[in-house]
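Encoded as structure tokens, the structure appears first; notes follow it.
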Amino acid sequence: MPGGVKKSDLPQKTCATCGRPFTWRKKWERVWDEVKHCSDRCRAAKSSGAAPSQTELSHRGTR
């Protein structure tokens with residue numbers, strides 16, 4: 001039986017741009033304390049000053 005952590009037990013944060021919750025990812029392991037946005041789209045929207053619309057967010061794919 002494989003060891004590890006259940007997805008439901010991983011830490012979560014709320015995106016500073018869209019307000020949606022997102023879960024810890026392995027690629028963020030070393031910088032988790034610095035992660036503030038759920039995606040590149042939200043990070044880019046933050047710097048441009050425009051939050052992504054609800055339509056854009058509902059069509060966002062997972063990576």
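Note: hydrogens, waters and symmetry copies are ignored here, and every other heavy atom, side chains too, is used. Fair warning: this is a prediction, and the values are worked out from it, not measured in the lab.
- Legend: residues meeting side chain to side chain donor-acceptor pair (under 3.5 Å) with Glu34, ordered by chain and number and at least two apart, are absent.
- Every residue meeting the side chain to side chain contact (heavy atoms under 4.5 Å, CB included) condition with Asp9, not counting sequence neighbours, appears here in chain and number order: Val5, Lys6.
- When all heavy atoms of Cys42 and Thr17 are compared, the pair lying nearest together is O-OG1, 3.1 Å.
- The residue from Arg30, Glu29, Arg25 that alone fulfils the side chain to side chain contact (heavy atoms under 4.5 Å, CB included) condition with Lys27 is Arg25.
- With sequence neighbours excluded, the residues that form a side chain to side chain contact (heavy atoms under 4.5 Å, CB included) with Gln12 are Pro21, Thr23.
- A side chain to side chain contact (heavy atoms under 4.5 Å, CB included) with Ser39 is found for exactly one of Arg43, Arg41, His37, namely Arg41.
- Residues Cys38 and Phe22 approach most closely at CB-CD2, 3.6 Å, considering heavy atoms.
- Taking both residues in full, the closest heavy atoms of Thr14 and Gly19 are given as CG2-O, 3.2 Å, listed atom of the first, atom of the second, then distance.
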